[in-house]
There are 2 protein chains.
Amino acid sequence: METAPPHDICPITRTLDLIGERWSLLIIRDVFYGVRRFDALQHHLGVSKKVLSGRLVRLVQEGILKKVPYQQKPERFEYRLTQKGRDLFPVLLTMMRWGNRWLAEKNEPHLHLKHLGCGEVVESNLVCSHCEKPLSPASVRAEISNSSG
Amino acid sequence: METAPPHDICPITRTLDLIGERWSLLIIRDVFYGVRRFDALQHHLGVSKKVLSGRLVRLVQEGILKKVPYQQKPERFEYRLTQKGRDLFPVLLTMMRWGNRWLAEKNEPHLHLKHLGCGEVVESNLVCSHCEKPLSPASVRAEISNSSG
DNA sequence: TCAACAGGTCCCTTTAAGAAACTAATTTGT
DNA sequence: ACAAATTAGTTTCTTAAAGGGACCTGTTGA
């Protein structure tokens with residue numbers, strides 16, 4: 001990558017505008033883990049209620065989470081991932097791998113993912129969906145298209 | 001994923017503590033793009049000098065960027081990625097894909113990556129490094145190990 | 001000598017975050 | 001019947017961080 005395309009049309013900019021602060025991605029991670037209710041999220045994350053409720057409203061508005069009722073009288077909701085939200089799984093997985101590789105302390109407990117298919121600890125690799133070869137910074141070039149074709 | 005491991009040992013938490021705010025990842029992205037100097041970064045990103053210099057110091061301290069001299073008299077440096085920094089490429093790539101899939105406006109210019117190997121537009125896929133099968137939320141389980149084995 | 005450039009720092013105002021108390025509807029315990 | 005507990009927030013207040021813009025330093029070149 002050796003070109004610098006305009007900052008404002010970069011999809012990374014747009015993504016970070018939405019979920020690029022400390023809590024949104026952690027909330028999404030927790031919903032992946034199965035933590036779906038306001039109170040559980042608040043305790044598990046240690047985030048203030050004010051910030052949590054703000055983020056949840058935003059994530060629902062943006063279609064990343066949806067509210068699903070789980071009881072009537074009083075009506076209560078839990079938060080589930082939409083397809084748009086589930087699609088963030090690769091982002092979390094690559095962060096997890098990076099954190100484990102570069103930030104894990106020796107002699108500390110260590111969180112990893114086990115692949116149920118093969119039983120091994122997951123070390124995800126990124127491959128091109130067309131040729132299935134691994135992707136590296138040197139093997140790609142940024143381009144701008146008009147998306148009208 | 002249906003267990004909720006402790007928040008504080010999660011590698012995603014640690015990663016976001018380091019680079020989980022608006023600017024750090026955008027700076028790293030720009031360095032990938034080849035924008036390496038203070039002024040260029042400041043203009044390309046539209047970030048204040050104060051925030052930029054704070055982030056750069058932090059990223060250098062953490063070993064994600066390194067300062068490389070490119071002239072003497074006066075001595076001037078540019079910022080380059082270390083291996084630790086280059087290893088964030090998959091995080092940026094997955095964000096880019098998500099942004100393109102979910103946040104791109106129709107009729108707007110569109111930024112994507114072309115794979116120099118096969119000439120196609122990159123749509124990255126995540127595969128298990130052991131069995132090379134695609135990874136999905138349902139196919140993995142979070143586990144804690146003591147990393148002493 | 002003075003402008004230009006790189007790479008910042010300092011000060012001030014606005015914005016966001018966190019902590020704790022307060023609402024509100026309903027159920028449970030005594 | 002009445003107090004207390006759940007669940008999911010909102011409101012208020014205080015503190016921390018971000019953003020903008022002026023200012024500073026060291027050097028080359030007109």
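Worth knowing before you read on, the calculation uses all heavy atoms, side chains too, and leaves out hydrogens, waters and symmetry mates. In what follows, chains are A, B, ... by sequence order, proteins preceding strands, each numbered from 1.
- Atom CG of A/Leu26 is separated from atom P of C/dG18 by 11 Å (rounded to the nearest Å).
- Contact check, A/Trp23 against C/dG18: a side-chain N or O comes under 4.0 Å of OP1 or OP2.
- Taking only side-chain atoms of B/Arg55, from C-beta outward, the nucleotide of D/dG9, C/dT26, D/dA18 with the closest atom is D/dA18.
- Smallest separation of non-hydrogen atoms from B/Trp98 and A/Asp87: CD1-O, 3.5 Å.
- One finds no side-chain N or O of B/Arg76 lying less than 4.0 angstrom from the OP1 or OP2 phosphate oxygen of D/dT27.
- The residue among B/Gly54 and A/Val51 whose nearest nucleotide of DNA chain C lies closer to the 5′ end is B/Gly54.
- Phosphate contact (OP1/OP2 of D/dG9, side-chain N/O of A/Tyr79, threshold under 4.0 Å): present.
- A/Ser48 has no side-chain polar atom (N or O) that falls below the 4.0 Å cut-off from OP1 or OP2 of C/dA20.
- Counting non-hydrogen atoms under 4.0 angstrom, A/Lys73 reaches the backbone sugars and phosphates but no base.
- Between the NZ atom of A/Lys50 and the P atom of C/dA19 there is a distance of 11 Å, given to the nearest Å.
- Taking atom NZ on A/Lys49 and atom C1' on C/dC22, their separation rounds to 10 Å, with Å as the unit.
- Dashed line: the shortest gap from a side-chain N or O of B/Tyr70 to OP1 or OP2 of C/dG7 is under 4.0 Å.
- One interatomic measurement links the two molecules: CG of A/Leu41 to C1' of D/dA8, which rounds to 12 Å at whole-angstrom precision.
- Between the CD atom of B/Glu21 and the P atom of C/dA16 there is a distance of 15 Å, rounded to whole Å.
- Aromatic ring centroids of A/Tyr70 and A/Phe77 lie 6.0 Å or more apart.
- Below 30°, between 30° and 60°, or above 60°: for B/His44 and B/Tyr33 the angle between ring planes is above 60°, a perpendicular geometry.
- Atom-to-atom, CD of A/Gln42 to C1' of D/dG9 comes out at 10 Å; the value is rounded to the nearest Å.
- Residue B/Leu52 contributes atom CG, which lies 10 Å from atom C1' of C/dG7 at whole-angstrom precision.
- Using a 4.0 Å heavy-atom cutoff across all strands shown, A/Arg22 reaches no nucleic acid atom at all.
- At whole-Å resolution of the value, CG in B/Leu45 and P in C/dG7 are 15 Å apart.
- The existence of a salt bridge linking B/Arg14 and A/Glu105 is excluded, since no basic side-chain nitrogen approaches an acidic carboxylate oxygen closer than 4.0 Å.
- For the pairing with A/Phe38, the side-chain contact (heavy atoms from CB on, under 4.5 Å) check across A/Lys49, A/Glu78, A/His43 returns one residue only, A/Lys49.
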